[in-house]
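Since the structure comes first, as structure tokens, the remarks are kept for the end.
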Number of protein chains: 2
Amino acid sequence: MAELPFPELDAHSDRAVFRQIADHIRDAIEREALHEGDKLPSEAQLMQHYGVARMTIRNALQVLQSEGLTVAEHGRGVFVRSRPPVRRLASDRFARRHRERGKAAFIAETEEAGGKPSVDSIKVTEQAAPPEVAQLLGLAAGAPVIVRSRRYLINGQPVETAVSYLPADIAKGTRIEQPDSGPGGIYARLEELGYRLDRFVEEIRSRMPFREEVRALKLAPGVPVFNLVRTAYAADSRAVEVCDTVMSTDAYVLSYELPAR
Amino acid sequence: MAELPFPELDAHSDRAVFRQIADHIRDAIEREALHEGDKLPSEAQLMQHYGVARMTIRNALQVLQSEGLTVAEHGRGVFVRSRPPVRRLASDRFARRHRERGKAAFIAETEEAGGKPSVDSIKVTEQAAPPEVAQLLGLAAGAPVIVRSRRYLINGQPVETAVSYLPADIAKGTRIEQPDSGPGGIYARLEELGYRLDRFVEEIRSRMPFREEVRALKLAPGVPVFNLVRTAYAADSRAVEVCDTVMSTDAYVLSYELPAR
DNA sequence: GGCGTCTACTCGTCTAGAGGAGTTTGCCCT
DNA sequence: AGGGCAAACTCCTCTAGACGAGTAGACGCC
């Protein structure tokens, strides 16, 4: 039986045994003695090596999993989590010069990076505006809004969900209510309707995902999500859209350029 | 003995018992039958209510904790996690008009919001630039940089750690090397040195914290961190500073305004 | 060769218990 | 009234074992 590359437990330490074991494995990952995708020793091997009960080992593995360092696969083993390639969202991705090429931002970017974009689960409804949305849109609470929800995928992998809210008096009866909102996306439609877009405000939060988000985005355990809420303002400073997106923090880096003026 | 406000287990469901229990409690929190700061029923009470072993209850509680919904306090109980007031970082917070008032951004903002700002653990060293930093600064790998690290607190609570890197040929021998970099902070010093700041680029990531970050920021379990890396460019497009900050996602909302042009 | 089956190995779930350590409460003694 | 102490209650750590279910490789049969 091969020796495992982990030190012995420190019996004098007041650090709990399962934490010490987690520390050993974490160290091995951080100094790259274990690489992305490598299989960890099995629970049985770790039990033997450390001479502890199975629950103690499972506790240690649980710590690593909730830190997002490992993933367990039933029947196969526990593996060092590998990170998918990162998508960078630049702050100018909604600039008009891009939109005028006739493609929505997501499609254009993904194709440019050599991926196959697709959009999924498109639903359009009319609802009363939720309070936060009403506030951002400058509407009375409960005012009618058109709600477009959809899911974005790259090469078949879900990467982002998005829900857009538009005041019904702007969007009702327009192509924005169609599942396929046409070339250039809803921002192009808004400009055709005479709402010349002036600026966006993006608010970024991050948190652990809800259960449905884990499912919809196929998230690994221990991976938080970004929640980005973008409000689009027309030239008269009227808010014309609020877009609420959720994306895996694993797959995204957000990038903004700011003037120092 | 009071009835607990949770339904019975569904014996036919193939969802694991501990997950069903976690679902019940999560539901109660989400529909606000349990409010922020409320104490959950004790492990013993839950065991009795559901008629299961203690480890099953603990498993359920573990799920909620790693979702960031609850915190356990040794000897006291398990509580619905309460969120601290949120600090909003606006994208214009480093605008020159603010800086010229002679206060660093953090100090000014915090006082404005009625908090008592402080800065902590200030360390200044000269080191070889780490690879990512060298790349952002446009320096050769290993070029000498001045490294300023510090921790920011509001009312004594740590909220953010920051490490700034400046090319040694710019900062060496200047007040930037002093622990107290003077009124207006290092951006003010850079402008005095003739590096008129032109723009910033901020890159935002989010992930679960490392162990040291949990300690330094006193993070609750299940709370991810923002990692914001800001590069400051002078008018000649030379990168003059890289600032690597880590903050609790609990305490911050990041906000950016973008032109639609 | 191809296809099933069997088996060993993996992690997932759950039980039943023990001792420990931090917190709160109330009671007793002064 | 006040201080000190013990009990009761909380969560924390760990043990030992059982059964289940998914995976993968070996093996034998066709």
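The chains referred to below are lettered A, B, ... by the order of the sequence lines, with proteins before strands, and numbering in each begins at 1. Quantities reported herein were computed from a predicted structural model and do not represent experimental measurements.
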Quiz item: Just checking, any donor-acceptor pair under 3.5 angstrom between side chains of B:Glu160 and B:Tyr252?
Solution: yes
Quiz item: Quick one: which of C:dA21, C:dT10, D:dA16 gets closest to the side chain of A:Ala44?
Solution: C:dT10
Exercise. Could you please name the option among C:dC14, D:dG22, D:dT10 that lies closest to any side-chain atom of B:Ser42?
Key: D:dT10
Exercise. Determine, step by step, whether A:Glu67 and B:Arg211 satisfy the salt bridge (Lys or Arg N to Asp or Glu O under 4.0 Å) criterion, reporting the C-alpha distance in whole Å, the side-chain angles of both residues, the deciding distance to 0.1 Å, and the verdict.
Key: CA-CA 9 Å; A:Glu67 289 175 349; B:Arg211 271 226 281 140; over 6 Å; no
Quiz item: Between B:Arg76 and D:dC9, is there a side-chain N or O to OP1/OP2 distance below 4.0 Å?
Solution: no
Self-check item: Atom pair distance, as rounded to whole Å: CD in B:Glu43 and C1' in C:dG20
Solution: 14 Å
Exercise. Take the protein atom CD of B:Gln65 and the nucleotide atom C1' of D:dC12, then report the distance between them rounded to whole Å.
Key: 12 Å
Quiz item: Any side-chain donor paired with an acceptor under 3.5 Å for B:Glu202 and B:Tyr256?
Solution: yes
Self-check item: Side-chain N,O (A:Thr56) to OP1/OP2 (D:dT15) below 4.0 Å
Solution: yes
Self-check item: Short side-chain N/O contact to C:dG17 OP1/OP2 from B:Arg54, under 4.0 Å
Solution: no
Practice problem: Please check if the side chain of A:Asp10 supplies one atom and the backbone of A:His12 the other of a donor-acceptor pair under 3.5 Å. | Solution: yes
Quiz item: So, is A:Arg19 near the phosphate of D:dT13, with a side-chain N or O under 4.0 Å from OP1 or OP2?
Solution: yes
Self-check item: Nearest-angstrom distance from the residue atom CD of A:Gln45 to P of C:dC9
Solution: 11 Å
Exercise. Please report, rounded to the nearest Å, how far the C1' atom of C:dC14 is from the CD1 atom of B:Ile21.
Key: 11 Å
Self-check item: Side chain of B:Ala16 (C-beta onward), nearest among C:dT13, D:dT23, C:dA21
Solution: C:dT13
Practice problem: Would you kindly give the CD-to-C1' distance between B:Gln62 and C:dC14, to the nearest whole Å? | Solution: 16 Å
Exercise. Rounded off to whole Å, could you give me the CZ-to-P distance for the A:Phe79 and C:dC9 pair?
Key: 17 Å
Quiz prompt | Under 3.5 Å: donor-acceptor pair, side chain of B:Arg151, backbone of B:Ala162 | solution = no
Quiz item: How many Å lie between CG on B:Asp14 and P on C:dG12, as a whole number?
Solution: 16 Å
Exercise. Could you tell me the separation between the CD atom of A:Glu73 and the C1' atom of C:dC9, rounded to a whole number of Å?
Key: 15 Å
Self-check item: Nucleotide nearest A:Arg58 (side chain, heavy atoms from C-beta), chosen from D:dT13, C:dG12, C:dT15
Solution: C:dG12
Quiz item: Which part of the nucleic acid, if any, lies within contact of B:Arg15, taking any heavy atom under 4.0 Å across all strands shown: a base, the sugar-phosphate backbone alone, or nothing?
Solution: nothing
Practice problem: Measure from the side chain of B:Met55, starting at C-beta and using heavy atoms only, and say which of C:dT15, C:dA21, D:dT13 lies closest. | Solution: C:dT15
